Each structure stands twice: as C-alpha cells, then as structure tokens.
Amino acid sequence: MSQLNSQQQRIVSHLEGAALVIAGAGSGKTRVITHRAANLIKQGVPPGAILMVTFTNKAAEEMKRRIQDMAGGEANTRGLMAGTFHSMANRFLRRYGNLIGYDNNFTILDDTDSRDLFKAVIADMVPERQQSNGRKFPTAAVVQGVVSMGFNRGLELGELLERDYPWLIEWMPELEAVAAAYRARKKTSNSMDFDDLLDNWCHLLATCKNLEMAEKLRFVMVDEYQDTNLIQAEILALLAAKHGNIMAVGDDAQSIYGWRGANFRNILDFPERFGGQVFRLEQNYRSSPEILNLANHSINHNTEQFEKRLEAIRPAAGLPGMACLRDEYEEADYVLEKIMEFRDRDIPLSQMGVLYRNHAQSAVLQMRLSERGIPFQVRSGIKFFEQAHIKDVVSFLKVLFNPLDEIAWLRILKMLPGVGNVTARKIYGIFSRQRGVRLAPDNDELNKAVPAKAREQWKEFSLTMKALLADGVGPAEMISMVARGFYHTHLYSAFDNAPERANELEYLSEFASRYGSVERFLSQLALVGAAVIREYEEEQEDDPEFLILTSIHQAKGLEWDAVFLIGLADGRLPHARNLEPLPRLEEERRLFYVAVTRCKRFLELTVPLVSYTQGRAEICRPSRFVEELPTGALEVRQGSREAESLTPLLGQGPGLSVEW
C-alpha cells in the first residue's frame with residue numbers, strides 16, 4: 001500500500017458496496033485494480049469469489065500476473081476469475097449452455113467462420129444475379145458487419161440501416177431474411193459467434209437463477225467501463241444483483257467508441273443504477289503540467305461528464321506547440337523537420353507518435369517518410385496505399401499505362417459478377433493475344449468470354465475505360481472517374497464502410513493531382529511499395545526502431561515522449577459528420593483529449609489551412625478544439641509565408657493568436 005498515493009489507497013481499501021472509479025488518463029488505474037484484488041484476498045476473500053473483466057487478453061493476463069506477485073504466488077490466487085467478456089461468457093456457457101438449449105460442446109465461430117456461414121446463407125437465399133438498380137447484393141463481409149453492428153448498438157436492422165447504412169435500405173427484406181436464416185443455422189449446428197457469447201451469457205444469467213458459478217461470486221470488477229455496450233452493462237448488473245459489490249473503473253473523458261456500440265450513458269448513469277461511492281484518480285504520472293493544462297481546458301467544454309482536473313507529477317517540459325501550414329504537404333515537411341530535431345535531442349523514433357482522426361490524413365506523410373528513408377509502422381490499419389480499395393482503383397491506371405499488366409487486369413476483372421480466377425485469366429489471355437485492349441462492341445471473342453451475369457457491368461466498365469482513354473485526362477481525373485463510375489457499384493457492395501473509403505478515394509485523387517502524368521504517379525507509388533518491402537526486412541532485425549503512425553482510436557492506452565497531432569482543421573477533427581448533435585461533438589472533443597494525453601513531454605499540433613476536394617482548393621478553419629483553448633495554453637510556431645497569406649481569411653477563437 002505504501003506504493004500508492006492517497007487517492008489510490010482509498011479505492012484499494014474499499015471493500016463492500018458499489019463503487020465507480022473515475023480514472024483519469026495516466027493515473028495508474030491498473031495498479032489500483034490489481035492492488036484492490038490482492039487486498040481482498042489478504043482480507044480473507046476466497047480468490048474464487050472475485051471476478052475481474054476487461055476488454056483484451058493482454059490486459060487480463062497482466063492483471064493476473066500482478067495480483068499473483070502481490071498475493072504471494074499462483075497458489076494464493078487459484079480460482080480467481082479474470083479475463084475478457086467473451087472468455088468469461090465461454091466459461092459460463094460451457095458449463096450451463098444446456099440450460100438454454102445448447103450442448104456444452106458448442107462450436108465458437110471466429111470472424112472467418114461467421115463470414116463463411118453468411119456466404120453459404122446468401123448463396124442459398126439470394127440469387128447470384130440478383131441486382132437492384134444495377135447494384136449487387138452486398139458481400140458476406142458487409143452483411144456480417146451490419147448484423148454485428150446492430151447487435152452491439154442495440155438497434156433493429158431497419159433503424160440501423162436508416163441511420164448508418166442508407167445505401168443498403170433497398171435490400172432490407174433480403175437482409176432481414178439472411179440474418180434470420182443465419183441465426184437459425186447457428187442454432188441448428190450448435191454454434192455461437194462472438195456476439196452470441198455475450199447475448200447467451202446475458203440470457204443465461206437472466207433466466208437461470210442460483211447458478212453455482214454466479215452464486216459464489218461476491219466481488220465484480222470491470223476495467224474500461226466507459227467502453228461497455230448495453231448488453232455488457234446488463235451482464236455486470238445481473239452478476240452483481242445479489243451482493244451489490246461491483247467496482248467499475250473507467251474514464252468518461254476517454255469514451256470514444258460510440259460508433260461501434262459503446263454506450264456513454266453506462267458510465268454516466270452508474271451512480272444512479274448501482275449507488276455506492278464515486279472515487280476520482282486525478283494524479284497523472286504520464287504527462288507534463290503544460291500538456292495537462294491544455295487537456296483540462298479542452299475537456300471542460302463538454303457538458304456531460306464527471307468533473308475532474310488532472311494534476312501532473314512530472315516536471316515542466318515547455319508549452320505544446322502549434323503550427324499553421326498551407327496544406328498537408330507542408331504539414332508533412334514540418335513534421336519531418338521536427339522528427340529530425342527530436343532525434344538530435346536523443347529521442348528515439350520509437351518514442352514518437354503521429355496521431356490523426358482519419359487514416360487518409362497520413363497518406364502524404366507516409367509518402368514523405370518513404371522518400372526520406374525514415375522507417376515507420378502504421379497502427380491504424382494497412383498502410384494507406386496498400387488498402388484494397390486504393391489498389392483496386394490504381395489497377396485501372398496501371399492497365400492504361402501498361403495494357404499487358406496481368407496482375408492489375410486480374411484484380412479488375414474479378415470485380416465483375418461471376419468472374420473468378422479461371423474466367424479472369426481467360427479474358428486476360430484474349431487481351432495478351434490481341435496485344436492490347438479493344439473493348440469495342442464488335443470484339444466477339446472478348447464478349448463471348450464475359451459471363452452473361454456480368455454483361456451489364458461489363459458495358460459500364462467499357463464506358464469507363466473509354467472515358468479514361470480520352471486525350472488530356474490526368475491521373476487525378478482518372479481516379480475520380482473510376483471511383484464514381486464502374487467502381488462505385490463494387491465499393492458499396494463490398495465494404496461496410498463504403499462512404500469512408502469513397503472519401504479516401506477522393507483523397508487519392510487529390511494526391512494524384514500533384515503528378516502531371518500517370519507514369520510519374522505510378523512511379524511514386526512504386527517507391528512506396530519498395531519502402532514497405534524494406535521495412536518488412538528491417539522488422540526482422542533484433543532491435544528495429546520505427547516511428548508510429550496511428551489513428552487516435554488505435555492510440556488509446558499508448559504513450560510517447562513526443563506526439564504529433566496532425567490534421568487539426570474543423571471538419572476533420574471534429575469530423576464534419578459529427579458537428580451535431582451535441583453528444584457526437586462531445587465525443588469528438590474526447591478524441592482530442594485522448595490524443596493529447598498520449599504525450600509525455602513534447603506535443604506538436606499542426607493545422608493545414610487548405611484542403612483539396614474534387615480538384616478544388618478550400619480554406620479550412622483551425623479546429624474549434626484549438627480555437628477554444630485559452631491564451632497561454634499553446635506556443636504558436638512560425639508558419640510558412642504561404643500559410644501567412646491565408647490567416648486574414650480565418651476567424652480567431654478566444655485564445656488563438658497567430659503571429660508571424
């Protein structure tokens with residue numbers, strides 16, 4: 001207990017009754033959770049009476065290891081239940097599944113298994129040639145994602161489609177039928193997917209009383225409570241209904257996953273639902289006082305929250321900096337300059353992180369890093385230029401530049417309905433024999449090779465290719481034409497986040513506008529590909545050092561000495577679609593809060609003042625989250641002369657003062 005501060009000691013000493021712990025960023029919440037469990041055991045509570053639930057296996061294993069160290073070894077903690085929601089659900093259902101109609105040897109479907117079952121159901125129920133307004137029925141991956149999202153957000157399919165997937169509404173009757181058949185097939189085959197584990201655990205606890213495993217539990221603890229969805233909160237309530245000893249640890253200011261089902265009301269309404277005490281952890285061991293001052297001022301603009309003010313333990317490190325740059329190219333060059341400056345101050349690349357709201361915002365920086373030979377890893381997904389939809393559209397430019405590019409042709413052809421590897425290779429063989437592409441209506445050999453079910457889209461494809469071959473069409477315009485023409489149908493049937501990917505294709509077009517020819521553009525992409533191979537080889541070394549690029553969502557729980565938060569323009573952070581209603585805007589502000597509190601010492605904010613959309617340059621305002629900061633919270637860096645010329649067009653917030 002001597003290792004704990006006074007706030008932590010009060011929480012660890014809390015034994016009976018409900019408790020909510022508001023654990024600010026970097027406040028040592030894992031230490032508190034594990035010390036409390038060890039203290040319960042030392043007070044005579046049997047380890048088997050304690051349940052600890054979290055969201056990742058890594059976090060659960062770390063908690064168990066720490067508790068064993070404090071309690072005197074594994075023998076003293078035998079029986080302690082600690083794991084993820086899904087692993088705990090599995091343990092209960094393996095023992096009691098028969099009570100709700102499952103054999104206890106049920107199969108768990110992983111994501112791939114679930115998708116394969118959806119494929120089988122769709123193949124049986126939806127004719128392969130079925131289309132609506134020229135569009136194909138969505139892929140199994142899309143249907144799987146939509147059905148799971150409805151479960152996690154507690155929404156009926158119709159409501160979910162109307163709110164988040166309006167382009168799929170035309171398929172609602174078929175989607176409802178497929179979802180029902182999928183559920184029936186799972187039950188018939190004695191199988192559960194990951195969502196079923198939670199659903200059935202909740203059903204078991206609600207309908208079957210006096211279960212031995214539940215009865216022996218007297219203390220329930222849950223980490224990251226702000227990330228729970230409706231059904232997870234209900235499971236915890238059912239487990240704690242008899243004894244009332246539930247401790248939830250989390251931070252409402254770090255609730256940033258509402259888009260995937262987390263319910264912000266769970267943590268806000270905990271005191272009303274469970275009663276008990278509310279504790280606060282406000283001593284921050286991660287960030288400098290200047291960073292916490294900025295974070296506190298920002299989050300205090302939110303109206304729905306538990307009041308808190310983080311206090312720094314670390315020494316002062318200087319004000320966070322902000323630079324207004326002309327655009328993302330100038331922004332990338334500025335970040336590169338600061339990276340080299342930090343390296344000269346003996347901060348390794350591995351202790352630097354570049355954060356952004358949207359994956360596409362890192363594309364220019366990825367290109368610049370590749371050009372300079374600076375190794376980096378992308379934690380927010382596949383590197384921008386390696387993503388499927390980016391490679392799909394670039395393939396069209398490749399076959400225009402080199403009509404015999406086999407790999408690019410096969411990628412394009414397999415987008416057509418009914419065209420697999422065999423048919424695609426047959427069609428490509430015709431191209432290669434003809435030494436080029438002749439898509440004219442009288443090309444009988446080619447027309448016979450195209451399956452009947454693909455004829456309509458083949459016509460659309462031919463029209464798109466004809467338009468691309470017109471004189472004077474540059475790479476940026478080509479990308480826009482493909483994205484809005486032939487590829488549009490494929491995009492919205494193949495990806496459940498099609499609008500986001502469509503925006504990234506606009507971004508790709510903007511990026512390509514910097515290159516006057518297809519040859520130059522493709523050559524630049526090839527250099528990025530070479531950098532990917534080089535980084536893979538470097539990953540095999542014993543001590544690789546990489547700069548980390550990540551979305552803010554993926555950065556939660558991580559920390560770096562130096563953090564660059566890029567793309568701080570209104571409409572990007574906060575995202576344009578979340579400017580209203582107020583709860584969405586406040587979640588965006590929590591994203592900003594999470595981003596800045598990842599930083600220990602050196603925080604750099606960058607604001608690109610110009611964006612390019614569909615070939616047009618647009619002036620951007622700095623993010624409102626920057627403009628609402630008070631004077632003295634930031635040091636405004638010297639920007640470029642080009643950016644200086646734009647500042648008269650910008651309003652200034654109460655604390656933002658741009659000087660040149």
Side-chain angles (χ1 to χ4, degrees), residues 101 109 111-200 202-203 229-231 258-261 388-389 414-420 451-460 484-502 577:
L109 304 177
D111 284 337
T112 301
D113 297 330
S114 171
R115 187 160 54 252
D116 287 345
L117 183 56
F118 269 113
K119 283 182 183 177
V121 171
I122 291 170
D124 290 345
M125 299 188 63
V126 183
E128 192 172 354
R129 67 178 64 88
Q130 183 168 346
Q131 298 185 9
S132 174
N133 298 323
R135 291 172 58 184
K136 295 186 294 183
F137 188 76
T139 64
V142 171
V143 179
Q144 176 190 38
V146 169
V147 171
S148 182
M149 182 63 73
F151 169 78
N152 282 284
R153 295 180 63 182
L155 297 175
E156 294 295 328
L157 183 60
E159 184 181 0
L160 177 71
L161 295 184
E162 186 174 338
R163 288 174 52 171
D164 296 323
Y165 303 93
W167 64 94
L168 295 178
I169 287 177
E170 61 192 288
W171 295 110
M172 190 164 72
E174 291 86 352
L175 288 170
E176 287 179 330
V178 166
Y182 171 73
R183 289 192 296 270
R185 295 267 282 265
K186 284 186 297 181
K187 192 67 182 289
T188 300
S189 61
N190 194 39
S191 301
M192 301 185 200
D193 61 22
F194 291 143
D195 292 337
D196 293 326
L197 289 173
L198 298 183
D199 195 25
N200 288 326
C202 187
H203 178 57
N229 61 25
L230 288 169
I231 201 159
W259 53 276
R260 71 180 187 194
H389 58 299
K414 286 190 286 187
M415 298 177 199
L416 294 166
V419 176
K453 64 186 68 175
R455 293 281 164 78
E456 285 299 316
Q457 285 186 278
W458 178 254
K459 290 178 183 177
E460 186 178 358
R484 296 174 202 161
F486 170 78
Y487 191 69
H488 183 272
T489 299
H490 176 77
L491 183 72
Y492 277 83
S493 64
F495 301 105
D496 60 358
N497 60 343
E500 180 180 333
R501 291 178 186 255
R577 67 171 175 260

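All values below come from the heavy atoms of this structure, side chains included, with hydrogens, waters and symmetry mates left out. Remember, it's a predicted structure, so these values are computed and weren't measured experimentally.
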*Tell me, with the steps shown, if N229 and R153 meet side chain to side chain contact (heavy atoms under 4.5 Å, CB included).*
CA-CA 7 Å; N229 61 25; R153 295 180 63 182; over 6 Å; no
Spacing of [X] atom [atom1] and [Y] atom [atom2] [to the nearest 0.5 Å]:
X	Y	atom1	atom2	answer
L175	L157	CG	CG	6.0 Å
D113	D193	CG	CG	10.0 Å
L198	L230	CG	CG	12.0 Å
Q144	T139	CD	OG1	9.5 Å
S114	L109	OG	CG	6.0 Å
E162	E156	CD	CD	13.0 Å

With a 4.5 Å cut-off on side-chain heavy atoms, are [Y] and [X] touching?
X	Y	answer
P451	L416	no
E170	L161	no
V147	F118	yes
M149	Y165	yes

*Please walk me through it: do Y182 and V143 pass side chain to side chain contact (heavy atoms under 4.5 Å, CB included)?*
CA-CA 11 Å; Y182 171 73; V143 179; over 6 Å; no
*For H488 and L491, run side chain to side chain contact (heavy atoms under 4.5 Å, CB included): C-alpha distance rounded to whole Å, both residues' side-chain angles, the deciding distance at 0.1 Å, then the answer.*
CA-CA 5 Å; H488 183 272; L491 183 72; 5.6 Å; no
_Run the side chain to side chain contact (heavy atoms under 4.5 Å, CB included) test on Y492 and V142 for me, step by step, so that the C-alpha distance in whole Å, both residues' side-chain angles and the decisive distance to 0.1 Å come before the verdict._
CA-CA 9 Å; Y492 277 83; V142 171; over 6 Å; no
_Holding to side chain to side chain donor-acceptor pair (under 3.5 Å), I want the full list of residues that pass it with D196, two or more places apart in sequence or in another chain._
K186
*Which word best sums up how the rings of W171 and F137 line up, parallel for under 30°, tilted for 30 to 60°, or perpendicular for over 60°?*
perpendicular
*If every non-hydrogen atom of A140 is compared with every non-hydrogen atom of K119, which pair is closest and at what distance?*
CB-CG, 3.3 Å
*Between M125 and A181, which heavy-atom pair has the shortest distance, and what is it?*
SD-CB, 3.3 Å
*Is it true that a side-chain atom of S148 and a backbone atom of V146 form a donor plus acceptor pair closer than 3.5 Å?*
no
*Quick one: does Q457's side chain have a donor or acceptor within less than 3.5 Å of a partner on F486's backbone?*
no
*Identify, with sequence neighbours excluded, every residue that meets salt bridge (Lys or Arg N to Asp or Glu O under 4.0 Å) alongside R115.*
none
*asked:* Checking R183 now: which residues fulfil salt bridge (Lys or Arg N to Asp or Glu O under 4.0 Å) with it, not counting sequence neighbours?
replied: none
*Return yes when atom CD of E159 has more than 12 non-hydrogen atoms of other residues, nucleotides or ligands closer than 6.0 Å, and no otherwise.*
yes
*Would you check, one step at a time, whether the test salt bridge (Lys or Arg N to Asp or Glu O under 4.0 Å) holds for R185 with D124?*
CA-CA 12 Å; R185 295 267 282 265; D124 290 345; 3.3 Å; yes
